[in-house]
Amino acid sequence: MSYLKAKKRYLAELSLCLGLYVSAVFLVATLFDHHSVAAPWQPVVALVPMLPGAGFCWVIMRQFGRMDELQRRMQFEALGFSFAGTALLTFSYGFLETVGFAKISMFSVWGIMAALWCVGMAIAKRRYG
């Protein structure tokens with residue numbers, strides 16, 4: 001499969017997952033806003049958006065299978081940079097919370113990881129591009 005065709009397919013699959021994820025988030029928020037979920041079911045309903053979230057993992061892994069060796073190496077280096085950087089930042093902030101810094105949501109971790117993945121890709125592209 002050509003690079004352009006693989007990229008288009010990846011973006012289409014990713015967009016579908018994103019649409020399903022956003023729809024699930026709005027559905028869950030609406031159900032909770034209207035107090036439509038019995039207490040025992042609240043954890044289950046709260047996790048409904050993670051079903052399309054799992055789709056993101058599937059789509060990303062499929063895309064890795066479509067990449068050539070250089071693209072995989074660049075992604076591997078970017079992900080390694082992101083993994084290590086996220087660990088350093090989140091652990092550092094965790095220690096700062098013990099001395100009175102405000103608690104932050106776990107939702108922020110993905111934002112940090114994604115930003116560092118982009119930085120890692122920029123570094124890899126500069127090195128190999």
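Owing to the predicted nature of the structure, the values given are computational and were not obtained by experimental measurement. What's counted below: heavy atoms across the whole structure, side chains too, no hydrogens, waters or symmetry copies.
No path of Ile, Leu, Val, Met, Phe, Trp and Tyr side chains, each step under 4.5 Å between heavy atoms, connects Phe81 with Met67, placing them in separate hydrophobic clusters. Under a hydrophobic-cluster definition in which Ile, Leu, Val, Met, Phe, Trp and Tyr are linked whenever side-chain heavy atoms come within less than 4.5 Å, directly or via other members, Trp110 and Leu14 are assigned to the same cluster. Ile60 and Met74 end up in the same hydrophobic cluster when Ile, Leu, Val, Met, Phe, Trp and Tyr side chains are linked at under 4.5 Å. In this structure, Met113 is a member of the same hydrophobic cluster as Met121, with clusters built from ILVMFWY side-chain heavy atoms closer than 4.5 Å. Hydrophobic cluster membership differs between Leu89 and Leu96, with clusters built from Ile, Leu, Val, Met, Phe, Trp and Tyr side chains linked at under 4.5 angstrom.
In terms of heavy-atom proximity, Val28 sits nearest to Ala46 at CG1-CA, 4.2 Å. Scanning both residues, Tyr21 and Pro49, for their nearest heavy atoms gives CD1-O, 3.3 Å. The nearest pair of heavy atoms linking Leu116 to Gly85 is CD1-C, 3.4 Å. The two atoms that bring Gly120 and Ala78 nearest to each other are C-CB, 3.5 Å, heavy atoms only. Of all heavy-atom pairs spanning Val45 and Leu31, the tightest one is CG1-CD1, 4.1 Å.
For the atom pair CE (Met50) and SG (Cys57), the distance works out to 7.5 Å, reported to the nearest 0.5 Å. From Ile112, atom CD1 reaches atom CH2 of Trp117 across 16.0 Å, with rounding to the nearest 0.5 Å. Here CG of Leu11 is found 8.0 Å from CD of Gln63. Values are rounded to the nearest 0.5 Å. Within the model, atoms CG of Leu27 and CZ of Phe32 stand 10.0 Å from one another, a figure rounded to the nearest 0.5 Å. Atoms CZ and CG, from Phe56 and Leu16 in turn, are 9.5 Å apart once rounded to the nearest 0.5 Å. A distance of 11.0 Å separates SG of Cys17 from CG of Leu51, quoted to the nearest 0.5 Å.
The local environment of CZ in Phe26 is sparse, with at most 12 non-hydrogen atoms from other residues, nucleotides or ligands closer than 6.0 Å. Within 6.0 Å of the OH atom in Tyr128, the count of heavy atoms belonging to other residues, nucleotides or ligands exceeds 12.
Between Arg73 and Glu77, at least one side-chain N (NZ, or NE/NH1/NH2) sits under 4.0 Å from a carboxylate O, which counts as a salt bridge.
Side-chain atoms of Glu97 come within 3.5 Å of backbone atoms of Ile104 as a donor-acceptor pair (strictly under, hydrogens ignored).
For the pair Arg66/Arg9, a side-chain contact is recorded, criterion being any heavy-atom separation below 4.5 Å from C-beta on.
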